[in-house]
Amino acid sequence: MKRYRLALLPTPLHRLPRLEAALDSGPLYLKRDDLIGFGLAGNKARALEYLLGAALAEGADVLVTGGAPGSNFAGAAALAARVAGLDCEVLVSGVPPDRLPVTLELARRAGATLRFTGADRERLDELVDAHCAALAAAGRTPYAVPRGGATPVGALGFAAAARELACQLESDAELAGPLGTDAVVVLPTGSGASLAGFLAGRAAVGATWRTCGVSVSRPRELVGPHVLGLAGRCATLLGTPAPTEADLHLRDAVGPGFGRVTDEDRRNVQLALCTEGVLFDSTYGAKAITAVIELVRAGERAPLVLWHTGGMPSALKLLAVPGVTG
Ligand SMILES: Cc1ncc(COP(=O)(O)O)c(C=O)c1O
């Protein structure tokens, strides 16, 4: 499968000794896709390398995708299309806001056409397909990408990430000791593309790490079958065994709603900031660090690897305290 390089890989993997001391926990590690080095794409740079590779291989001239106004993926996809020489059209749910959020401003500056659909975000994938059909009828060669890049091809990005993690462990004895066999990898999960790809890649490299998806937008009963279906189709592309239900552990972390944090999330984000100097966003990272801390408090002593997936635009929002100005 063709890959169009965007990211600086491997992303760092390091221990969090001060957070461990504060929590009196077992070994904690952070995998730094927030430092992936392409725009503000975070983990989404991985999926986009394969999606752009496929779009170019098919001779596409325009990438069409969709997202909610705060979608990190939409901004990253627009930037990736631009650097790869493709046009980009982004279908956005709802109506135009007074001021574009950072993610859409990034898409706009990358030259993407933004089309506000007035529709719910759940309808965007079908609107993307319809828009591609209209573009094709007008003589263009579109490449359709559903929300979050959640296709078997997009999932290949995190299949490669599982291989990357395995290589990091192999080449570093200090990591291989604690993380080689019984680590738990905690991965925030929205569209499911990253988790699906990671499960497929984990099976492909024969790793035994447990994998915990922290579902931030949908209940577990919906996410599980969706992720396993996508993981199976990704494994078919790889020619490797399909992950099974036994490989998948999910935590329901929707809480007060998508992108909405609890006081506990805020305290945990503050703890990570003040012990390790790491920022987390409100939609994904805050819920993932809370999941890690809950696992520790429930007595988990196995080494935990928290996959930091980025989300910097909303990390800055989380720092904005009412009444305090910079
Ligand atoms: C910062 C961040 N983390 C995690 C995710 C979830 O990844 P996925 O959609 O592959 O489940 C996203 C999705 O957009 C994201 O932007």
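All ligand and atom numbering here is 1-based and tracks the order in the structure. Numbering of residues begins at 1 and proceeds along the displayed sequence. Here the structure is a predicted model, which means the values were calculated and not measured.
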- request: Compute the shortest N/O to N/O distance between G148 and ligand 1 and return yes if it is under 3.5 Å, no if not.
  value: no

query: Which of the atoms in ligand 1, numbered in the order shown and given with their element, are less than 4.0 Å from a heavy-atom of A193?
result: 10 (O), 11 (O)

Crowding at CD, E245 (>12 non-hydrogen neighbours, <6.0 Å): no

message: Side chain, backbone, both or neither: which applies to L195 and ligand 1 if a contact is any heavy-atom pair less than 4.0 Å apart?
response: neither

message: So if I count the atoms of ligand 1 from 1 in the order they appear, which ones are less than 4.0 Å from some heavy atom of G311?
response: 1 (C)

- prompt: What about T309: any of its N or O atoms under 3.5 Å from an N or O on ligand 1?
  reply: yes

message: Quick check against the 3.5 Å criterion: does S314 have a side-chain atom that pairs as donor or acceptor with the backbone of S282?
response: yes

message: Taking the side chain as everything from C-beta on, heavy atoms only, tell me whether S194 gets closer than 4.5 Å to T189.
response: no

message: Could you measure the distance from the CZ atom of F280 to the CE atom of M312? Nearest 0.5 Å is fine.
response: 8.0 Å

- line: Numbered in order shown, the ligand 1 atoms found under 4.0 Å of a heavy atom of T189 are 11 (O)

- request: Would you mind listing which atoms of ligand 1 come within a distance below 4.0 Å of any non-hydrogen atom of S191?
  value: 8 (P), 9 (O), 10 (O), 11 (O)

- request: Pick, from A150, G197, G190, the option with the minimum heavy-atom distance to atom 6 (C) of ligand 1.
  value: G190

query: Should R297 and E264 count as an ion pair when the cut-off is N to O under 4.0 Å?
result: yes

- line: G310 heavy atoms within 4.0 Å reach ligand 1 at atoms 1 (C)

- prompt: How far is atom 2 (C) of ligand 1 from its nearest protein heavy atom, and which residue and atom is that?
  reply: Y284 CD1, 3.3 Å

task: For the residue pair R46 and T11, confirm or rule out a side-chain donor-acceptor distance under 3.5 Å.
output: yes

- line: When distances are taken from atom 7 (O) of ligand 1, the protein heavy atom at minimum range is N43 ND2, 3.3 Å

field: Heavy atoms from other residues, nucleotides or ligands near CZ of R140 exceed 12 (cutoff 6.0 Å)
entry: yes

query: Do side-chain atoms of T117 reach the backbone of R115 as a donor and acceptor pair under 3.5 angstrom?
result: no

- prompt: Non-hydrogen atoms of D281 versus ligand 1: any pair closer than 4.0 Å?
  reply: no

- line: For S194, the atoms of ligand 1 under 4.0 Å from one of its heavy atoms are 7 (O), 8 (P), 10 (O)

- prompt: For ligand 1, which atoms sit closer than 4.0 Å to a heavy atom of N72?
  reply: 1 (C), 15 (C), 16 (O)

